[in-house]
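To start, the structure under review is shown below, and the notes come after it.
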Amino acid sequence: METKKIEKKWQKYWKENHTFEAKNNSTKEKYYVLVEFPYPSGAGLHVGHVRSYASLDAVARKKRMEGYNVLFPMGWDAFGLPAEEYAIKNHVHPSVAVKENIKTFKGQLESLGLSFDWSREIATTDPKYYKWTQWQFLKFYEAGLAYKAKKTINWCPNCKIGLANEEVEGGCCERCGGPIVHKEKEQWMLGMKQYAERLLDGLKDTSFQEKTKLAQINWIGKSTGAEIDFLIDDTDEKLKVYTTRPDTIFGVTFMVIAPEHPILKKLEARILNMDEIRAYQDFASHKSEMERTQLNKDKTGVKILGFYAINPVTKTKIPVYISDYVMMNYGTGAIMAVPAHDERDYEFAKKFDIPIIEVIKGGDISKEAYVGDGEMVNSSFLNGIETKQEAIAKILEYMDKEGIGHPSVKYRLQDWVFSRQRFWGEPIPMIKCENCGWVPVPYEDLPVKLPNVASYEPTENGESPLADIPEFVNCKCPKCGNDAKRETDTMPNWAGSSWYWLRYMDPHNDKEFVSMDALKYFGQVDWYNGGMEHATRHLLYARFWNNFLYDQGLVPNAEPFKLRTSHGMILGSNGEKMSKSKGNVINPNDCVNEYGADALRVYEMFIGDYEKEVNWNTNSLNGCKKFLDRVERIGAKLNSKTVYSPTLEVLINKTIKKVTEDLDNLKFNTAISSLMILLNEMEKQETITKKDYRTLLLLLNPMAPHITEELNEKYELGAKCCESKWPKYDDTKLIDETVTIAIQVNGKLRGTIEVPLDTTENKIQKLALENENVKKHTEGKEIIKVIVIKNKIVNIVVK
RNA sequence: GCGGGUAUGGCGGAACUGGCAGACGCGCUAGUCUUAGGAACUAGUUCUUCGGAGUGCAGGUUCGAUUCCUGUUACCCGCACCA
């Protein structure tokens, strides 16, 4: 039978027999394998998806054979801009395009024979799904963690959309690449910052790959320092600063506050150069994020005339500047500047001709700021202290006693901007009432559905297109019954993916977002694989969300994922990222048509180190096809015996061990190469036994599920592979009876000898010295030492 | 600037806990069979002046280093005026 028919045949069999459906009330131990669900783009499946799905499919299939009740689900992360843009152009509801795309994607995934449990398929755009996304938003709201705030946000003037920090790349919009500006806007926020420490700490309870943990730690950006109050002269007003170096307080010669700092408003009456300040504020806000970060060497700012700050330790008057190198959204939006020991402060001081006081010995402050450690000077009671830790401890003790400062911890992580001014997202289920303020949509009224309309363009003032739809906007206040208006912002793309793995556990439940029974049984995701590009954003949002649900008693574990792994990208054969414009895109469909799904799967697992990016190579795909053809052809050598061939027994046992371990350790490439080695050896035999062949097929089945089932059936070797037990190896049969021992002279290989296993060291040494070639290299030389490592190597040291 | 990673044949990559570097595959070469082959099979394939030399480079530890240590270079990724 030809490949295509075989593959269709087995795909049909699995579907009709519900072979891969996980059971919710199983007595078996569960194993939850999760791959990131795709955004169903019009372009269809990418070979990169296949790499991840095929590899984790092999894991899932093997775990099933090992006796686990495996949950391996798939769904669609289908909200997002492309569908909306398509809708704007063609005036069709985005759900229409999404439906089409899902159909294409699903067909492609099915043609690969991936063992997803399709009975649990979900889509974030399905009202039955986003009802519960909205429901969970209300939980955040009730807990005080969802709030509306006027925020200086990252605004993309091109997309007319507010972006989270996570969506800004180098000052540019991640989507359109255009520059980001700052804009004040009322936005729904989720209080993620409060969870910073938890998110940091929770990493200890996961076995994420180290690089993923580090990316998260970096992103959360914890820093330990102190908050110190500087009084403003002639007032009770305080300027609170955050610093990691309170020990340098005697070196403070000026202060800098962010241009948006509220104290400017408060002390407006005293400020003599308010015009100049306003002009600078204006200049800073119109500067794009790009300019603000990239031209970072050139410091700008304005000295505030009209008040001073008082150094709480030295009681000296200190001038205050505004400058955009201080950010309002980090720390307190104000810093104490120590130009002698901070590069940025140094540059600013040089530019504005501010004095520089050295308080730590070791550098040359006429040339640059010295940021290293050293002896404290010009610092009153700190003088003479040699280490940073000691100096910080002493000054903090002093500050605490005097009530002027205290230790403080800050995080880079910000609250999550949860509003988007877009149509194609989950409506935020809130209602604004003149009398009652913000009122949540009652639970029984969920979901707040997206309406059917003709135009999907954002409004000119940047509001969601929903704002232009009176039938959607106008409603009654659930509390007082008066006329009210619906929130027209929608949730960000990350919302639906922040809990989807939970819904898979109980996808058809219309009473609860997931039943507690299902949650308790399936617990955490055992193995979650996805792209490295999601190591910070998606993974942090998801962990935050799950930690919150845990605090609400809604899920039984704080951390959602035990293990997180990432696959490397697949690049075009020219080493560049696959893209239409470069003409190097490989379509998985074409590969399946020409080589078969099994060959594509095996190739993508064999292609190289799973975690590294790799160039596509169609020749190599063909090589994998040839391997499968050889597996098929060797069936002709079958004899009727049901034990292992003695000549193959050790190798088969070794191969079982290797494949078993490799599939658990992301080493898909060497798992396959070990099967190739086994096949090579089988081809050298006159005949092979049924047991030899069946073991090969069972081991290969997770990678190449169709052809192995077919051959297993054809030669009547036993139960269906997918319904059989994973082969076990015999520890006592892993070692060959003879070993080859290398003989070195002065560390250089001069010969090898074959000896029975566990030959004594004396005997080996004797044999080694008798070796002809070895003699040649030892003749006339003094043998100083002979090192014999049993079963391995001999090294003869001569002079 | 900070944090992390990588470096092995023509190519993708193997190598357990320090013990025969280059497994496995691609490509290439020669041959067999064929009307033909971009099929299949067989043999070979790190370089070499045939002494040796070889895992980015320079050292070190060791009987022995791709593996451990010190220094260094290149490239890749993440974060970045974060106080």
Side-chain angles (χ1 to χ4, degrees), chain A residues 165 169-171 210-223 225-226 241-245 248 256 258 292-299 323-327 329-338 341-345 347-348 371 410-414 532-533 535-536 568-569 573 575 602-603 606-609 611-624 626-627 629-630 633 658 661 667 669-680 683 740-752 784-789 791-798:
Chain A
N165 282 339
E169 275 171 9
E210 211 50 35
K211 61 177 176 182
T212 304
K213 285 191 184 182
L214 283 164
Q216 297 222 335
I217 290 167
N218 219 317
W219 192 274
I220 295 167
K222 181 175 182 173
S223 101
V241 305
Y242 174 69
T243 177
T244 55
R245 299 298 303 271
T248 60
V256 186
R292 202 163 158 172
T293 55
Q294 303 225 323
L295 304 174
N296 58 30
K297 287 291 161 201
D298 195 24
K299 296 277 182 291
S323 172
D324 62 2
Y325 85 88
V326 173
M327 309 290 153
N329 58 11
Y330 183 78
T332 60
I335 62 161
M336 57 177 228
V338 185
H341 306 291
D342 181 281
E343 280 174 42
R344 294 146 303 173
D345 299 347
E347 282 158 28
F348 195 87
V371 294
K410 298 287 176 199
Y411 302 91
R412 198 191 82 98
L413 188 77
Q414 301 289 311
M532 204 54 207
E533 70 274 19
T536 46
M569 247 199 300
S573 52
V602 169
Y603 167 60
F606 184 62
I607 193 166
D609 184 327
E611 299 183 62
K612 284 197 208 140
E613 60 178 33
V614 67
N615 297 358
W616 182 266
N617 181 347
T618 301
N619 279 330
S620 203
L621 167 58
N622 189 45
C624 292
K626 286 200 291 193
F627 163 64
D629 289 345
R630 283 161 56 209
R633 252 180 276 133
K658 179 82 179 144
E661 290 172 357
K667 296 190 160 191
N669 54 340
T670 48
I672 289 172
S673 89
S674 69
L675 289 168
M676 289 173 168
I677 292 168
L678 177 57
L679 177 69
N680 289 346
E683 284 176 338
T740 309
I741 290 186
I743 308 165
Q744 299 180 333
V745 178
N746 285 350
K748 293 200 176 96
L749 183 69
R750 296 302 180 195
T752 57
I784 297 170
K785 205 197 250 180
V786 180
I787 292 127
V788 183
I789 311 291
N791 298 329
K792 283 213 168 128
I793 205 165
V794 179
N795 192 8
I796 302 161
V797 186
V798 297

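What you see is a predicted model, and the numbers here were worked out from it, not measured in a lab. Naming: A, B, ... by sequence-line order, numbering from 1 per chain. All heavy atoms count here, side chains included; hydrogens, waters and symmetry mates do not.
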If we take the [atom1] atom in both [N] and [M], what is their distance in whole Å?
N	M	atom1	answer
B/G54	B/U8	C1'	10 Å
B/A40	B/A7	P	33 Å
B/C24	B/A15	C1'	12 Å
B/G12	B/U61	P	34 Å

[N] phosphate, OP1 or OP2, under 4.0 Å from [X] side-chain N/O:
X	N	result
A/Arg633	B/A40	no
A/Tyr330	B/A83	yes
A/Lys211	B/G5	no

*Stem segments of RNA chain B by first residue number [Watson-Crick or G-U, under 3.5 Å, at least 3]*: B:1-7 with B:73-79, B:10-12 with B:24-26, B:27-32 with B:40-45, B:56-60 with B:68-72
*asked:* Assuming nearest nucleotide by heavy-atom distance, tell me which of A/Arg245 and A/Val797 is located more 5' along RNA chain B.
replied: A/Val797
*Would you mind classifying the nucleic acid contact of A/Asp609 as base, sugar-phosphate or nothing, using non-hydrogen atoms under 4.0 angstrom?*
sugar-phosphate
*With heavy atoms under 4.0 Å as the rule, sort A/Glu613 into base, sugar-phosphate or nothing.*
sugar-phosphate
*With the side chain of A/Lys612 defined as its heavy atoms from C-beta on, choose the nearest nucleotide among B/A83, B/U6, B/G12.*
B/U6
*Nearest-Å distance, CG (A/Leu214) to P (B/U6)?*
12 Å
Does [X] reach the side chain of [Y], with side-chain heavy atoms less than 4.5 Å apart?
X	Y	value
A/Met532	A/Thr212	yes
A/Glu347	A/Tyr325	no
A/Arg245	A/Val338	no
A/Tyr330	A/Thr332	no

Tabulate atom names and distances for all N/O pairs under 3.5 angstrom spanning the protein and nucleotides 15-25 of chain B.
{"unit_1": "B/G25", "atom_1": "OP1", "unit_2": "A/Asn680", "atom_2": "ND2", "d": "3.4"}

*Taking the chi torsion of B/G37, is it syn (within 90° of 0) or anti (everything else)?*
anti
Distances under 3.5 Å between nitrogen or oxygen atoms of protein and nucleotides 45-55 of chain B:
none

